[in-house]
Amino acid sequence: MAVPPVSLSTRNKKHFLGVPAPLGYVAGVGRGATGFTTRSDIGPARDANDVSDDRHAPPTKRTKKKEEEEEDEEDLNDSNYDEFSGYGGSLFSKDPYDKDDEEADAIYEAIDKRMDEKRKEYREKRLREELERYRQERPKIQQQFSDLKRELVNVTEEEWKNVPEVGDARNRKQRNPRAEKFTPLPDSVLARNLGGETANSIDPSSGLASMMPGVATPGMLTPTGDLDLRKIGQARNTLMNVKLNQVSDSVEGQTVVDPKGYLTDLQSMIPTYGGDINDIKKARLLLKSVRETNPNHPPAWIASARLEEVTGKVQAARNLIMKGCEVNPTSEDLWLEAARLQPPDTAKAVIAQSVRHIPTSVRIWIKAADLETETKAKRRVYRKALEHIPNSVRLWKAAVELEEPEDARILLSRAVECCPTSVDLWLALARLETYDNARKVLNKARENIPTDRQIWTTAAKLEEANGNKHMVEKIIDRAISSLSANGVEINREHWFKEAMEAEKAGAVHTCQVIVKAIISFGVEEEDRKHTWMEDAETCAQQGALECARAVYAYALSTFPSKKSIWLRAAYFEKTYGTRESLESLLQRAVAHCPKSEVLWLMGAKSKWLAGDVPAARGILSLAFQANPNSEEIWLAAVKLESENSEYERARRLLAKARASAPTPRVMMKSAKLEWALDNLDAALLLLKEALEAFDDFPKLWLMKGQIEEQQGNLDKALETYNQAIKKCPNSIPLWRLLAQLEHRKGQVTKARSVLEKARLKNPKNAELWLEAIRNELKSGGVRDMANTLMAKALQECPTSGLLWAEAIFMEPRPQRKTKSVDALKKCEHDPHVLLAVSKLFWCEHKISKCRDWFNRTVKIDPDLGDAWAYFYKFELLNGTEEQQEDVKKRCIAAEPHHGENWCKVSKNIANWCLSIDQILVLVAKDLPIPI
């Protein structure tokens with residue numbers, strides 16, 4: 001029952017107002033009134049003796065039964081009366097607790113409960129604080145070692161093995177107090193009990209050597225006569241020797257007399273079974289029942305023997321298994337189990353006995369050979385076995401492996417007579433024979449086994465090895481026709497494996513002939529190109545490069561005008577082949593596909609990288625003839641000349657290109673050449689001419705604005721950028737350059753409005769959000785504004801790795817790890833996030849983890865130049881020279897083009913002639929170390 005709080009306004013209000021009247025209450029009864037009526041009442045007025053109306057319930061009458069019970073409870077007899085204490089009985093027989101008390105208790109309880117709820121929050125808070133303070137003062141053992149537990153992940157396997165075993169730190173007396181207690185027997189006792197002859201030595205075999213020294217043994221001394229102190233001294237010496245022997249022969253607390261015998265017994269001991277003894281008894285009873293019910297069931301005997309072996313009763317196991325061998329003398333499993341359980345010498349006898357019963361068991365003969373230690377004895381066993389089982393391929397192989405080459409050849413010639421259907425034996429014999437004999441052996445093998453392809457492929461490899469390459473194709477063709485005639489299914493996968501095996505064996509021609517013969521087998525005509533390209537990729541992945549070349553060669557001979565096949569073959573040669581093989585392939589490619597610009601350019605680039613610039617020019621001139629107005633070929637020729645410092649030739653080529661093929665890229669390259677040669681006015685004229693024709697090409701506007709910035713005409717550059725964003729509103733670099741220019745001029749608010757306008761034109765663009773965030777950070781304002789922008793940016797672009805990477809390093813150091821986990825959840829395989837995590841590990845000086853994450857980053861996106869630059873700087877500071885060179889080589893092979901820091905250097909017009917490794921060094925030099 002909750003009691004409402006009392007307010008100030010109702011403090012003077014009477015407590016009984018609004019409360020229902022008690023039972024039997026009559027208004028005015030205290031003043032003598034007994035009730036009254038008005039005119040509205042029906043009926044005559046009541047007398048004073050009338051019963052009150054029903055407005056109040058009458059008081060409950062106690063029933064007669066209750067009154068009688070109360071009278072019965074009080075004993076008013078004279079015998080129960082006492083002058084001092086009155087009538088006897090319990091003082092508390094009547095319960096004084098009535099309804100008013102119950103109501104009051106309920107009210108007090110509600111008040112206490114209400115007050116307790118008010119104090120509950122404070123009490124719980126105080127308890128928590130006291131518990132935390134107690135835990136800090138007296139931490140648990142688990143908490144004390146939590147940091148050490150975390151470091152256990154870095155413990156290597158060698159360190160685990162080198163952890164010393166925890167020994168018993170107590171001294172010897174504490175470990176075994178009884179063994180060390182020794183009370184020497186006084187001479188007087190010995191003299192008193194010495195009545196006759198005494199033993200001056202102790203026989204170790206009598207068992208006295210293992211007794212506790214100092215304990216008297218009955219019958220040890222026989223009283224016969226006078227005191228013999230010499231014999232007492234001899235007894236003392238003998239006891240001392242026993243004591244020393246006990247110490248020297250102690251093995252884990254047990255004492256023995258014969259240490260050699262003890263060690264021998266120790267070797268033959270088997271650990272006892274650690275399970276329940278009742279289970280063992282049940283198992284014994286069950287197995288005994290099985291043996292008695294069906295004694296001819298070998299597994300029952302084997303199971304019984306192994307049960308005894310597990311429980312440590314090896315001799316019982318041996319007895320059981322030998323009894324099983326007597327009952328089942330033709331079971332090779334029983335004999336082999338018996339040989340396993342017996343010692344080596346006895347095992348030989350058991351195997352010899354088993355051979356008499358089962359002379360045709362291959363497994364028993366092999367076991368007999370394994371039991372022999374000398375090679376000569378093994379050979380003798382195998383030859384004896386082959387007399388009984390001449391058609392066992394397993395025995396022949398085992399016997400041949402032990403022989404010398406000449407003896408093995410003789411043995412194999414006999415083996416193929418006994419086992420004419422064994423392919424392995426025929427092939428082994430062919431390998432040991434001369435060329436002519438090997439051909440005869442393989443011909444005989446084909447006659448005996450006409451359904452095996454390995455014999456045919458071995459014959460083909462044999463012919464190739466002896467210079468008869470013209471025979472290889474005939475043999476493979478005959479193999480396929482012969483196998484098909486004998487009902488053998490021609491499986492492409494199996495034959496491809498044969499081709500790969502031939503390549504591994506050095507038979508390249510055989511490999512190519514097999515691929516050529518099998519490549520079209522079972523392939524639909526419309527699926528040929530797709531299937532063959534998959535075959536080539538599979539071969540390349542498995543390292544069978546010659547097989548892949550053979551597939552590409554056959555595909556190109558079938559589809560000579562397919563540009564995609566030529567390109568894939570060219571990329572394969574570029575990756576796995578040599579420059580000569582690539583160039584010869586490209587020469588054939590441009591002959592069949594003269595309109596393919598990519599093939600011409602690959603050929604020219606290959607010659608140029610090899611340093612043969614005239615040959616590259618010649619290829620490009622031929623490409624011009626085949627593609628007279630090709631933009632790609634024009635620009636490739638210009639790049640070739642400009643890279644080799646032939647600027648006048650490049651200018652003339654660009655002038656011809658503008659006259660014959662005036663494209664935006666040609667105009668841009670023309671202006672860029674003049675800009676690179678520091679002819680800024682000529683570059684601006686070319687850009688002005690280009691913008692009149694191609695005003696929607698953003699790179700022309702970018703170059704014009706950057707040249708004007710370089711000249712110091714910031715107002716002109718600003719006007720150029722403002723015109724550009726009207727013509728090219730979707731070009732993000734234009735908006736960024738305009739905002740950066742406004743910021744450099746000190747117009748921070750204007751830069752902010754430019755970026756807001758850019759985001760309206762290009763919603764959900766991470767680069768614009770990032771530029772806005774950096775604009776706030778550079779302006780020196782409140783950092784909260786940048787954080788607010790970052791939150792909005794991540795809401796609009798939740799999977800942008802660029803934004804998450806920036807957000808990680810905007811956090812304070814303790815929160816960066818948590819932010820990186822969130823970033824990895826949102827965009828797990830984004831290279832910018834992986835790069836940020838790598839830098840995070842770099843900040844924490846976790847070198848190996850940092851290197852792993854850098855490798856993962858450049859593997860996911862090798863075109864990101866920033867990742868390569870950070871990786872290279874990391875290796876410069878923390879790696880070896882080999883690791884630095886490895887990163888540089890991999891970067892040169894990847895040829896990256898993107899990345900904010902990378903593009904700042906690579907697209908700087910002053911660095912237009914630099915190579916990739918030079919750009920890498922410059923970018924890494926300017927990068928800050930993450931902190």
Does some side-chain heavy atom of [Y] sit less than 4.5 Å from a side-chain heavy atom of [X]?
X: Glu631; Y: Glu597; answer: no
X: Asp886; Y: Lys889; answer: no
X: Tyr721; Y: Glu709; answer: yes
X: Leu585; Y: Tyr552; answer: no

For [Y], is there any backbone N or O sitting under 3.5 Å from a side-chain donor or acceptor partner on [X]?
X: Ser581; Y: Thr578; value: yes
X: Asp866; Y: Trp902; value: yes
X: Asn878; Y: Phe874; value: yes
X: Gln747; Y: Glu742; value: no
X: Gln883; Y: Glu875; value: no
X: Asn908; Y: Ala910; value: yes
X: Ser800; Y: Cys797; value: no
X: Trp868; Y: Arg890; value: no
X: Lys873; Y: Ala924; value: yes
X: Ser606; Y: Met602; value: no

Please name the pair of heavy atoms, one in [X] and one in [Y], separated by the smallest distance, quoted to 0.1 Å.
X: Ala604; Y: Ala616; value: O-CB, 3.5 Å
X: Ser564; Y: Lys529; value: OG-NZ, 2.9 Å
X: Ala626; Y: Pro594; value: CB-O, 3.5 Å
X: Ala540; Y: Phe572; value: CB-CE1, 4.0 Å
X: Leu803; Y: Ala766; value: CD2-O, 3.8 Å
X: Pro698; Y: Leu734; value: CB-CD1, 4.1 Å

His832-Trp804 aromatic ring centre distance below 6.0 Å: no
Could you check Lys888 against Asp917 for salt bridge (Lys or Arg N to Asp or Glu O under 4.0 Å), going step by step and ending with a plain yes or no? CA-CA 7 Å; Lys888 187 182 286 188; Asp917 56 337; 5.5 Å; no
State the [atom1]-[atom2] distance between [X] and [Y], to the nearest 0.5 angstrom.
X: Lys925; Y: Tyr872; atom1: NZ; atom2: OH; value: 12.0 Å
X: Leu567; Y: Leu586; atom1: CG; atom2: CG; value: 9.0 Å
X: Lys761; Y: Ile732; atom1: NZ; atom2: CD1; value: 12.5 Å
X: Thr720; Y: Leu700; atom1: OG1; atom2: CG; value: 12.0 Å
X: Lys699; Y: Met668; atom1: NZ; atom2: CE; value: 5.0 Å
X: Ser584; Y: Gln587; atom1: OG; atom2: CD; value: 7.0 Å

Between [Y] and [X], is there a salt bridge with N-O shorter than 4.0 Å?
X: Glu708; Y: Lys704; result: yes
X: Glu632; Y: Arg665; result: yes
X: Glu756; Y: Arg752; result: no
X: Glu674; Y: Arg651; result: yes
X: Glu583; Y: Arg588; result: no
X: Lys745; Y: Asp715; result: yes
X: Glu573; Y: Arg549; result: yes

Quick one: which of Cys850, Ser820, Pro930 gives a side-chain contact (heavy atoms from CB on, under 4.5 Å) with Phe841? Cys850
On the 0 to 90° scale, with breaks at 30° and 60°, tag the Trp532-Phe559 ring pair as parallel, tilted or perpendicular. tilted
Which class fits the ring pair Phe854 and Trp842: parallel under 30°, tilted 30 to 60°, perpendicular over 60°? perpendicular
For Asp822 and Lys826, run salt bridge (Lys or Arg N to Asp or Glu O under 4.0 Å): C-alpha distance rounded to whole Å, both residues' side-chain angles, the deciding distance at 0.1 Å, then the answer. CA-CA 6 Å; Asp822 297 337; Lys826 289 290 183 181; over 6 Å; no
Salt bridge (Lys or Arg N to Asp or Glu O under 4.0 Å) for Glu844 and Arg816? Distances and angles first, verdict last. CA-CA 11 Å; Glu844 297 174 356; Arg816 286 179 185 176; over 6 Å; no
Take atom NZ of Lys839 as the centre, draw a 6.0 Å sphere, and report whether it contains more than 12 heavy atoms from other residues, nucleotides or ligands. yes
When you look at CD of Glu525, are more than 12 heavy atoms from neighbouring residues, nucleotides or ligands closer to it than 6.0 Å? no
Check whether NZ of the Lys or CZ of the Arg Arg759 lies under 6.0 Å from the centre of the six-membered ring of Trp769 and within 45 degrees of that ring's axis. yes
Could you check Asp861 against Arg856 for salt bridge (Lys or Arg N to Asp or Glu O under 4.0 Å), going step by step and ending with a plain yes or no? CA-CA 9 Å; Asp861 188 7; Arg856 192 180 302 179; over 6 Å; no
Evaluation steps, side chain to side chain contact (heavy atoms under 4.5 Å, CB included), between Leu834 and Asp830: CA-CA 6 Å; Leu834 295 178; Asp830 190 279; over 6 Å; no
Can you check side-chain hydrogen bond (donor to acceptor under 3.5 Å, both in side chains) on Gln710 and Trp675, steps first, answer last? CA-CA 11 Å; Gln710 185 177 342; Trp675 186 14; 2.8 Å; yes
Kindly determine whether Asn679 and Leu673 satisfy side chain to side chain contact (heavy atoms under 4.5 Å, CB included), including the steps that lead there. CA-CA 9 Å; Asn679 298 326; Leu673 180 63; over 6 Å; no
Could you go step by step and tell me if Asn775 and Arg736 meet the side-chain hydrogen bond (donor to acceptor under 3.5 Å, both in side chains) rule? CA-CA 10 Å; Asn775 184 52; Arg736 292 179 62 192; over 6 Å; no
Working for side chain to side chain contact (heavy atoms under 4.5 Å, CB included), residues Val666 and Thr663: CA-CA 5 Å; Val666 170; Thr663 62; 3.1 Å; yes
I'd like to know whether Lys849 forms a side-chain hydrogen bond (donor to acceptor under 3.5 Å, both in side chains) with Ser838, so could you lay out the CA-CA distance, the side-chain angles of the two residues, the decisive distance to 0.1 Å, and finally the verdict. CA-CA 8 Å; Lys849 282 190 177 182; Ser838 306; over 6 Å; no
Take Arg528 and Thr558 through the test side-chain hydrogen bond (donor to acceptor under 3.5 Å, both in side chains) and record every step on the way to the result. CA-CA 10 Å; Arg528 288 183 298 174; Thr558 308; 5.5 Å; no
